[in-house]
Q: 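The structure's right below; bear with me while I get my questions together.
Predicted model only: the values in this text are computed from it and were never measured.
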Amino acid sequence: MLDKTFEPAAVEQRRYALWEESGAFAADPASGKPPYAIMMPPPNVTGSLHMGHALTFTLQDVLVRYQRMRGRDVLWQPGTDHAGIATEIVVTNQLAERQIDKRSLGRDKFIERVWEWKAESGGTITRQLRRLGASPDWARERFTMDPGLAAAVRRVFVQLYREGLVYRDQRLVNWDPEMHTVISDLEVESRETKGFLWHIRYPVAELPGRFITVATTRPETMLGDTGVAVHPGDPRYADLVGKRVRLPLVGRLIPIIADEYADPETGSGAVKITPAHDFNDFEVGRRHHLDAVNILDRDAHIVIQGNRELQTGFHNLNRDELSWIGSLDGADRLVARGQIIKRLEKLGFLEKVEEHTLMVPHHDRSGVIIEPWLTDQWFCDARVLAAPAITAVEDGRTSFVPRHWENTFFEWLRHIEPWCISRQLWWGHQIPVWYGRQAGRTGLDLDQPQIFVAETEEEAISQAEIYYQSAVRVLAEPPIDTEPFQEAIDRAARGEIYREPIWRDPDVLDTWFSSALWPFSTLGWPEETPELARYYPGNVLVTGFDIIFFWVARMMMMGLHFMGEVPFRTVYIHALVRDERGQKMSKSRGNIIDPLELIDRYGCDALRFTLAALVAPGRDIKLAPSRVEGYRNFATKLWNAARYAQLNGCVPAAGFSPGQCRLTVNRWIATALADCAAAVTSSLDAHRFDEAAGQLYQFVWGTFCDWYIEFSKPILQGEDAAEHHETQATTAWVLGQLLRLLHPIMPFITEELWQYFAGEDAGLLISASWPELSPRKENTLQVAIMDWVIGVISAIRGVRAEMNVPPSVRVPLILKEVSGRADFLEQREQIERLARVELRDDTIPPARGIQLVVHGDAFVLALDGIVDLAREKSRISKEISRADRDIAKFEANLLNKQFRAKARSEVVQELEQRVEGIQRHRDRLQAAHDRIGAGSGP
RNA sequence: GGGCGCGUAGCUCAGCGGGAGAGCACUACGUUGACAUCGUAGGGGUCACUGGUUCAAUCCCAGUCGCGCCCACCA
């Protein structure tokens, strides 16, 4: 017997365990069923479940459960991501809380700590996924740092290097001066900041007394200026091009150049060029062969001492100037900024200061202000890899849902910049590159070392041994202090040792480098496994738009390059989950809704149904907890409907088919269910989760509970045994079908109820088959009758309420006229019961009550004095005659031979369609008119 | 500066060329043997604005205003 109320917590735990034990989640490559694969976007291994996860994994689970029921061999590939920077920050902060400094701890010890933290917290997210009801193939769970996946990463790196698509380059990069690492363009977040625009006068060296004014928001970068640019067509400065400026404070003479980059409209029209600390200036510098003077160290502190490039103008400085600039050495760039401004002002070089809001680049994870900095890094030639990815989406091998995201995808890929893939971190895939001294050089050149790229250390050693024609040893650390290294070389030269030292690149790869391989690395690549052959490419990727660039684009690039085929056919992009008021959820706003709390409060099914119902394409979800409560009530409703069925002995009958039913209500509900099933199926096929949820909600509550159950009551309590049995069986059958249709969205409650309504289809619901019901055309009469009955009952209820007739009063319903469709009145008892009326025909005089006039399949209710139908009727008449005029006009056109001869066929076709449209409209009007016509005389 | 999306009931949102809808909230009535986490009925909208296309526009097109997001840039 079912409990009086549904208790989600107990049911969820019990049911999930049963599913997992049953093996229902497992993919079965040998099954012979058509495969269906979804790669789970791997959550951060040390993370915990948030609303975004709840949404994305619910949708994936809906698809996966649906496809399993449709007989596919489903692989939902689970796993977690090592999330390099995010995890490194977490562990570093944990250590800091215990007064342990990451750097003094050392690399090996630190990595050990991260693994410990992973062991400790790594199960959290997967446990929480289980609470959400997610059903991936847990036996195949992967982690991006598993040995197999690490090997795939090295293989990809080495191959791309050999193809010239991965290379080392000196470029300006985004540098985080606190974490001491480079980050990619995508990890930079511009934040609006209030600042100042300082206008500085630079004296022209050749023309004493003449100045050129430049403006800057970062005045400290002037130490690295190596030019001033003006627009070639700017008449104000035409005579200055080719002259030089004597850089204040620094003494360096730098050229005034003409470059289109300088915008005459902006500021003074002259712009200082700092190639080592600004991305645009870097390009300008390259075009004009300007030096790049680096003024910052890795802490973003000013470097004066020993900075040869910077000191090139120092011979122009007097002692006072020299000592002042020397005092800047080691200052943080923001501190130096203030000092430089003060100094410029004092010396009269500061023309003016304006308040100015500007976008300042920050590291999206650490929040630190990013400095453009010149270093050697590893890059991936994304431009080459992007081309096939663009083509694949253009020709539809992969398509996005909703479609418009393809524009975003194209836009980014078409303007893609080299992808900086090295990171100065410890947690991640260490780059498989070893360095050594260049042959023929006696000393060490750290800037231009010999490079050995190999998948393993043994391979790297053997490459190096061939190169040096000597034994090689691997240093534990890169030679930061060059002396021991030099000594080793000297000793080798003296013949005392016979080993060339090499050392491994200490950097790790961008986390997204390994994520990009996820669709094939998890399936065993580079081995040619059966799984790889079967489940690549996957059917659909479900993810948020925020990682189209980070992840989707890169999977496309890598998948096409290494597998020769797209990684997935469809990319389903869903929006963000925001709070009730549309604000992004964040800790600082304090508006985070915890999905687990909602599950505790309302049950997992309610949360899942809510998310599915709200995920309208192309729109963010604003999640109001009241909505979850509403769908919790829906679960309760379903539960109570099932209880009703059970209390009335509705059990599945062997061999039952709704086609055998004799009662109109039973045939009607079977047809309505079939229509619902067809609609839900096509919605899910189109990834319209909101429609599927809406159709089910409407059917369960609005059709099955509100009407069918009410209709069934007198039958189930009646005397006729055959009708009784038929209705019991139908009720159980409908519930059985409904549970299947609801299962992908509400797996727990449906599984719990399934045991009572499974019929011959015993076993777990998760393994049951999807209802394949074609909408029945043959029950049109039954459907028409019941629609009519429902309409009559609703209308009577409306009149009663309007007239304030108490529910307890049985009102006489006077049958005024019945023409055409007496068969509709077979349901007269249902009408009497549900509308609380007593049906009498007009031979019994002269009762006052509600009059029911039946005319064809239309009806009308009339009550003395309350319905003024005449006016409505004439309004509709006018509209009908207007439609008639239109139709006549178009049809005349169509019949006109000359018109046909002149107009092209599509014009004719369009006109015909138009006529058809108006005709339909007219028919509707006519029906309404007839309804009124039948009852015009109350 | 480039691009995308959105303005429909008090709130959250569907709909998208011919009837303006759902859930929540609100009002009235109601405990009839599944369900008060409920039932029945009801109020509430110039579908942002202005033009255009059309026999017909909330829906298509153009523009305006407002909101949000992404990319680039701001010397």
Side-chain angles (χ1 to χ4, degrees), chain A residues 2 4-6 185 190 197-200 214-218 221 228-229 261-263 266-274 278-281 356-359 402 404-405 407-408 411-412 415 545-546 548-549 575-576 578 580-582 584 602 606 610 613-614 616 618-627 629-648 690-691 694 697-698 702 705-706 709-710 713 717 793-794 797-802 804-808 833-836 879 882-883 885-887 889-890 914-915 917-918 920-922 924-925 928:
Chain A
L2 286 168
K4 187 130 200 233
T5 53
F6 172 53
D185 297 345
S190 293
L197 192 58
W198 285 278
H199 297 254
I200 307 169
V214 297
T216 180
T217 55
R218 295 188 297 152
T221 61
V228 172
Y261 167 65
D263 176 6
T266 308
S268 66
V271 55
K272 65 195 263 316
I273 302 297
T274 321
D278 181 282
F279 289 97
N280 287 311
D281 294 5
H356 186 69
T357 42
L358 66 161
M359 300 297 277
H404 69 256
W405 288 112
N407 294 330
T408 308
E411 191 56 29
W412 189 68
H415 301 108
F545 64 81
D546 48 331
I548 290 179
F549 304 147
L576 251 45
R578 297 171 179 279
E580 228 165 323
R581 288 176 310 178
K584 214 166 172 172
Y602 300 115
T610 307
L614 290 183
R619 197 191 271 248
D620 284 343
I621 293 179
K622 289 177 200 155
L623 187 70
S626 65
R627 209 68 200 238
E629 192 183 340
Y631 290 118
R632 185 273 316 265
N633 296 351
F634 175 66
T636 307
K637 189 78 180 174
L638 179 68
W639 184 262
N640 282 312
R643 273 189 71 223
Y644 166 83
Q646 202 183 38
L647 290 170
N648 285 284
D690 55 328
E691 283 181 0
Y697 186 95
Q698 185 52 42
C705 292
D706 285 352
I709 285 184
E710 293 306 324
K713 281 176 183 171
Q717 284 147 21
I793 294 168
S794 302
R797 284 170 172 171
V799 172
R800 290 182 63 123
E802 204 169 332
N804 282 320
V805 181
S808 52
R833 204 179 86 84
L834 295 176
R836 314 203 116 251
E879 224 179 307
R882 209 178 66 187
R885 268 203 316 277
D886 294 341
I887 291 171
K889 198 165 91 189
F890 288 133
R914 218 181 263 180
V915 170
I918 302 172
R920 265 203 307 277
H921 180 50
R922 193 207 177 281
R924 252 187 300 244
L925 290 169

Q: Sequence neighbours excluded, which residues qualify as ring pair (Phe, Tyr, Trp, His ring centres under 6.0 Å) partners of A:F545?
A: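 A:F545: ring pair (Phe, Tyr, Trp, His ring centres under 6.0 Å) contacts with A:W405.
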Q: Between B:rC6 and B:rU27, how far apart are the C1' atoms? Round to whole Å, please.
A: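 Going atom to atom, C1' in each nucleotide, I get 32 Å.
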Q: To the nearest angstrom, how far is A:W412 atom CH2 from B:rC69 atom P?
A: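 Interatomic distance, CH2 of A:W412 to P of B:rC69: 22 Å.
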Q: Taking B:rA25 as the reference, what is the distance to B:rC67 when you measure between their P atoms (whole Å, please)?
A: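 Each nucleotide's P atom is 31 Å from the other's.
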Q: Looking at every strand, decide which applies to A:L197 at a 4.0 Å heavy-atom threshold: base, sugar-phosphate, or nothing.
A: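 Result for A:L197 = sugar-phosphate.
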Q: So how far is it from A:Y644 OH to A:I709 CD1, rounded to the nearest 0.5 Å?
A: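 Rounded to the nearest 0.5 Å, the OH-CD1 separation comes out at 6.5 Å.
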Q: Which value, in whole Å, describes the distance between the P atoms of nucleotides B:rU50 and B:rG44?
A: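 Comparing P positions in B:rU50 and B:rG44 gives a spacing of 23 Å.
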Q: What interatomic distance, in whole Å, is found between P of B:rG15 and the corresponding atom of B:rA22?
A: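 Going atom to atom, P in each nucleotide, I get 15 Å.
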Q: Roughly how many Å apart are B:rC47 and B:rG42, using the P atom of each and rounding to a whole number?
A: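 Here B:rG42 and B:rC47 have their P atoms 22 Å from each other.
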Q: Could you run through nucleotides 36-42 of chain B and give me one letter per nucleotide, 5' to 3': B if any protein heavy atom sits under 4.0 Å from the base, S if only the sugar-phosphate is that close, - if neither?
A: -BSSSS-
Q: Once you round to the nearest 0.5 Å, how far does CG of A:N648 lie from CZ of A:R643?
A: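 It is 11.0 Å, given to the nearest 0.5 Å.
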Q: If you measure from the C1' atom in B:rU46 to the same atom in B:rA9, how many Å do you get, rounded?
A: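 After rounding to an integer number of Å, I get 14 Å for this pair.
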Q: Find the distance between OG1 (A:T357) and CG (A:L197) and round it off to the nearest 0.5 Å.
A: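 Here the interatomic distance stands at 10.5 Å.
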Q: Roughly how many Å is it from CD in A:E710 to C1' in B:rG30, rounded to a whole number?
A: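 Those two atoms, CD and C1', are 14 Å apart.
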Q: Can you tell if the side chain of A:V271 reaches within under 4.5 Å of the side chain of A:V214, non-hydrogen atoms only?
A: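 A:V271 vs A:V214: side chains apart.
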Q: So, taking the atom named OG1 in A:T217 and the one named CE in A:M359, what distance separates them when rounded to the nearest 0.5 Å?
A: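 These two atoms lie 13.0 Å from each other.
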Q: Give the nucleotide from the list B:rG5, B:rC71, B:rA34 with an atom nearest to the side chain of A:H404.
A: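 Within the option list, the nearest is B:rG5.
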Q: Show the nearest heavy-atom pair for residues A:R833 and A:K713, with the distance to one decimal.
A: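 In terms of heavy atoms, the two residues are closest at NH2-CB, 3.6 Å.
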Q: Using a cut-off of 4.0 Å on non-hydrogen atoms, how would the nucleic acid contact of A:H356 be classed: base, sugar-phosphate, or nothing?
A: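 Sugar-phosphate: the residue A:H356, judged by heavy atoms under 4.0 Å, touches backbone atoms but no base.
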Q: Scan A:A262 against the nucleic acid and name what it touches under 4.0 Å (heavy atoms): base, sugar-phosphate only, or nothing.
A: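 Here A:A262 touches the bases of the nucleic acid.
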Q: Specify the separation, in whole Å, of atom CG of A:L623 and atom C1' of B:rC11.
A: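 Atom CG in A:L623 sits about 14 Å away from atom C1' in B:rC11.
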Q: Of the candidate nucleotides B:rG23, B:rC71, B:rA34, which contains the atom at the shortest distance from the side chain of A:C705?
A: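 Comparing B:rG23, B:rC71, B:rA34 against the side chain of A:C705, the answer is B:rA34.
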Q: For A:T217, answer base if it contacts any base atom (sugar-phosphate contacts may also be present), sugar-phosphate if it contacts only those atoms, and nothing otherwise; contact means non-hydrogen atoms under 4.0 Å.
A: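 Sugar-phosphate: the residue A:T217, judged by heavy atoms under 4.0 Å, touches backbone atoms but no base.
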Q: How does RNA chain B look in dot-bracket notation if pairs are Watson-Crick or G-U with both distances under 3.5 Å, crossing ones as [ ], other-strand ones as |?
A: ((((((((.[[[[.).....]]]].(((((.......))))).....(((((.......))))))))))))....
Q: If you find the nucleotide of RNA chain B closest to A:E411 and the one closest to A:Q717, which residue's nucleotide is nearer the 5' end?
A: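 It is A:E411 whose nearest nucleotide is closer to the 5' end.
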Q: Specify the residue among A:A645 and A:T408 whose closest nucleotide of RNA chain B lies further upstream toward the 5′ end.
A: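 Looking at RNA chain B, the more 5' nearest nucleotide goes with A:A645.
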Q: A:W405 CH2 to B:rC69 C1': how many Å, rounded?
A: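 Nearest whole value for this atom pair: 8 Å.
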Q: Side chains of A:R218 and A:D278, heavy atoms from C-beta outward: is any pair under 4.5 Å?
A: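 In contact.
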Q: If you measure from the C1' atom in B:rG7 to the same atom in B:rC49, how many Å do you get, rounded?
A: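 To the nearest whole Å, 11 Å.
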Q: Rounding to an integer number of Å, can you tell me how far A:R836 CZ sits from B:rC29 C1'?
A: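 It works out to 13 Å between those atoms.
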Q: For A:W639 and B:rA34, what is the distance between atoms CH2 and P respectively, to the nearest whole Å?
A: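 Computing the A:W639:CH2 to B:rA34:P distance gives 17 Å.
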Q: Measure from the side-chain heavy atoms of A:R643 and tell me the nearest of B:rC4, B:rC35, B:rG33.
A: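 The answer is B:rC35.
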Q: Choose from B:rC24, B:rA34, B:rC73 the nucleotide whose nearest atom is closest to any side-chain atom of A:M359.
A: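 From the listed options, B:rC73 comes nearest.
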Q: Rounded to the Å, how far apart are A:H415 NE2 and B:rC73 P?
A: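 Distance check: A:H415 NE2 to B:rC73 P gives 13 Å.
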Q: Measure the distance from CG on A:D263 to C1' on B:rC74 and round it to the nearest whole Å.
A: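 After rounding, the gap between these two atoms is 10 Å.
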Q: Can you tell me how far the CD1 atom of A:I273 sits from the OG1 atom of A:T221, to the nearest 0.5 Å?
A: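 With rounding to 0.5 Å, CD1 (A:I273) is 10.5 Å from OG1 (A:T221).
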Q: Select one nucleotide: of B:rA34, B:rC24, B:rC74, the one nearest the side-chain heavy atoms of A:Y261.
A: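 Ranking B:rA34, B:rC24, B:rC74 by closest atom to the A:Y261 side chain puts B:rC74 first.
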Q: Grab the two heavy atoms, one from A:A262 and one from A:G269, that are nearest each other, plus how far apart they are.
A: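 That closest heavy-atom pairing would be CB-O, 3.8 Å.
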Q: Roughly how many Å apart are B:rU53 and B:rA14, using the P atom of each and rounding to a whole number?
A: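 My reading of the P atoms in B:rA14 and B:rU53 gives 31 Å.
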Q: So, taking the atom named OH in A:Y631 and the one named OH in A:Y602, what distance separates them when rounded to the nearest 0.5 Å?
A: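 Answer for the OH-OH pair, A:Y631 versus A:Y602, is 14.0 Å.
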